[in-house]
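Have a look at the structure below, then the notes.
Atom set for the values below is all heavy atoms of this structure, side chains included, hydrogens, waters and symmetry mates excluded. Numbers here are sequence positions counted from 1.
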Amino acid sequence: MNNLIKIAVALAFMAVASGNLPWILFQVRKAQIHLIVESQASKWPRAMTLPSR
């Protein structure tokens, strides 16, 4: 976990130095919205029900 934090910080510094931070933040927001849409309950399979008589 510690290595992951170090990598994230290094990538953030490189993004700021290269001027790509706004583009990267935009891509992260798009990915977050995509995950939210994909996790909606309407995408889940329906529960099996017993047949009624």
Side-chain cluster (under 4.5 Å, hydrophobic types only) that F13 belongs to, other residues: I5, V9
Transitive ILVMFWY cluster of V16, excluding itself - 4.5 Å side-chain cut-off: L21, L25
Over all atoms of both residues, closest heavy-atom pair of P22 and G19: CD-O, 3.9 Å
Could you name each residue pair satisfying side-chain hydrogen bond (donor to acceptor under 3.5 Å, both in side chains) that touches residues 2-19, not counting sequence neighbours? S18-N20
If a pair satisfies side-chain hydrogen bond (donor to acceptor under 3.5 Å, both in side chains) and one of its residues is in residues 23-34, list it, with sequence neighbours excluded. none
Looking at residues at least two apart in the chain, or sitting in another chain, which of them share a side-chain contact (heavy atoms from CB on, under 4.5 Å) with A12? none
To the nearest 0.5 Å, what is the distance between CG on L11 and CE on M14? 4.5 Å
